[in-house]
There are 2 protein chains.
Amino acid sequence: MPRTKGNHEARRRDVSEAVWRVLAAHGFGGLTLRAVAAELGATTGLLTHYFPAKRDLVAYALDLLEQRSASRPRRAAGAGLSAVRAAMLDILPLTAEATDANRIWVSSWDAALADPALSGDHARRYAQGRDRLRDLVAAAQQLGELPAGDPARIAAGAQAFVLGLVVQALFAPTAFPPHRQVELLDDYLASLASPPVPHGDRTVPS
Amino acid sequence: MPRTKGNHEARRRDVSEAVWRVLAAHGFGGLTLRAVAAELGATTGLLTHYFPAKRDLVAYALDLLEQRSASRPRRAAGAGLSAVRAAMLDILPLTAEATDANRIWVSSWDAALADPALSGDHARRYAQGRDRLRDLVAAAQQLGELPAGDPARIAAGAQAFVLGLVVQALFAPTAFPPHRQVELLDDYLASLASPPVPHGDRTVPS
């Protein structure tokens, strides 16, 4: 078979699919050339052509995760608080696809924390996510749907909340089915929308 | 040297220390008999006596993590919201020790998600954590420091928030130094303490 550009692209797609399936089933801890080769029905030798070292495979998998996350379908949303809500819903493991992607993200944290360069890449990705949330929070404030306050600080809290909810839902899918995750997110957004209680002005027991 | 109980205990402590140091530096992805042996200055052969299979080493490391987390020093706190706050502060990576422990917890998620039994153990640990928070939330509600509402649901939200903040702080220690983490936690608690805004009663743009 002639080595055409089309074949090359098709092979790349096959490799990406195989890497994704290995990650979804076994995480980064189970990501080996051997496992990807088995999934692909190819030899380990062929794969060393793509990934000379284990680190290349990990870096490729992280890029793949970022690309797939960036190109995933997003909820349509208006401006304001509903856009903040939609952006947070887009992250949660509410579907099988989103569960796979989140399982891979959470798994990637071990691989990334062990390597300063990969860790820096992840830090940059999460900072970008916070910046996007910050802009949505600021727009919601302008519409009067969220109280005043540093939008970057509110966005950092919101990202913390949603990442932790992802972790909880992955470990306990029965305790955190989709409707429960949405309920908890809506509780969080309702708290954000409440005007802050001044110090010393809390309800006292009656 | 005679094989006494004291020697045995001392050797167990050495092994635990070596496993902990490997985890703090390389995570579960870097946890191998060879790495622990090198850290311990022992042979891999000696370690296979303790850990016949890789899975035994992972299970041991997870137990060690749980024991060290359970026995870590806790902040003294009164009842009510200050006890909720103290329990959440106890989790955050505010010191070097707490950063190591959290880095190991986050790293353990990959290992745990890849194995149904380990994943179930983690789910149980987090459920216990939520139950403890739930009781503290209920006490704060009784003192009138938190508004009414299902305390288990509030605890699930609080645990999500704190776990996600841990992840953010591990990847971006410069963006999330201890005082920033405490600020974000206090923002979160202030939101919880605000009475919820009834639907349709949000501030409108002026």
Side-chain angles (χ1 to χ4, degrees), chain A residues 25-30 81 103 106-114 119-120 122-123 126-127 130 142-145 147 149 153-154 156-157 159-172 174-176 180 183-184 187-188 190-197 199 202-206, chain B residues 25-30 81 103 106-114 119-120 122-123 126-127 130 142-145 147 149 153-154 156-157 159-172 174-176 180 183-184 187-188 190-197 199 202-206:
Chain A
H26 309 293
F28 278 81
L81 199 54
R103 189 258 182 270
V106 169
S107 154
S108 78
W109 295 339
D110 186 26
L113 284 170
S119 179
H122 258 26
Y126 286 114
R130 286 195 296 277
Q142 287 203 316
L143 289 172
E145 294 179 342
R153 185 161 155 174
I154 295 170
Q159 198 184 35
F161 177 81
V162 81
L163 287 181
L165 187 50
V166 164
V167 173
Q168 307 264 49
L170 288 181
F171 278 109
T174 314
F176 295 88
R180 175 78 166 168
E183 232 173 47
L184 290 170
D187 286 353
Y188 180 77
S191 296
L192 277 191
S194 308
V197 178
H199 262 296
R202 300 226 168 95
T203 318
V204 289
S206 54
Chain B
H26 309 293
F28 278 80
L81 199 54
R103 189 257 181 270
V106 169
S107 155
S108 78
W109 295 340
D110 185 27
L113 285 170
S119 179
H122 257 24
Y126 287 114
R130 286 194 298 275
Q142 287 204 316
L143 290 173
E145 293 179 339
R153 186 161 154 173
I154 295 170
Q159 197 185 37
F161 177 82
V162 81
L163 287 180
L165 187 50
V166 164
V167 174
Q168 306 265 48
L170 288 180
F171 278 109
T174 314
F176 295 89
R180 174 77 167 170
E183 232 173 47
L184 291 170
D187 286 353
Y188 180 78
S191 296
L192 277 191
S194 308
V197 178
H199 262 296
R202 300 227 168 94
T203 317
V204 289
S206 53

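Model, not experiment: these values are computed from the prediction. Hydrogens, waters and symmetry mates are skipped; everything else that's a heavy atom, side chains included, is used.
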Leading residue by heavy atom contact count with chain A [cutoff under 4.5 Å; candidates G30(B), S107(B), A123(B)] = S107(B)
Tell me, side chain or backbone of [X] under 4.5 Å from chain A's heavy atoms, or both, or neither?
| X | value |
| --- | --- |
| A111(B) | neither |
| Y188(B) | side chain |
| L184(B) | side chain |

Top contributor to chain B interface from A156(A), A172(A), A175(A) [non-hydrogen pairs under 4.5 Å] =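 Top count of heavy-atom pairs under 4.5 Å with chain B: A156(A).
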inquiry  = Quick check on Y126(A) against chain B: is it the side chain, the backbone, both or neither that has a heavy atom closer than 4.5 Å?
reply    =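 Contact with chain B: side chain only.
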message = Could you measure the distance from the CG atom of L113(B) to the NE2 atom of H26(A)? Nearest 0.5 Å is fine.
response = 13.0 Å
request  = Working to the nearest 0.5 Å, report the span between CD of Q168(B) and CG of L163(A).
outcome  = 5.0 Å
query = Taking C-beta and beyond as the side chain, do R103(A) and D110(B) meet within less than 4.5 Å on heavy atoms?
reply = yes
task = Write down the atom of F161(B), the atom of A160(A), and the distance for their closest heavy-atom approach.
result = O-CB, 3.8 Å
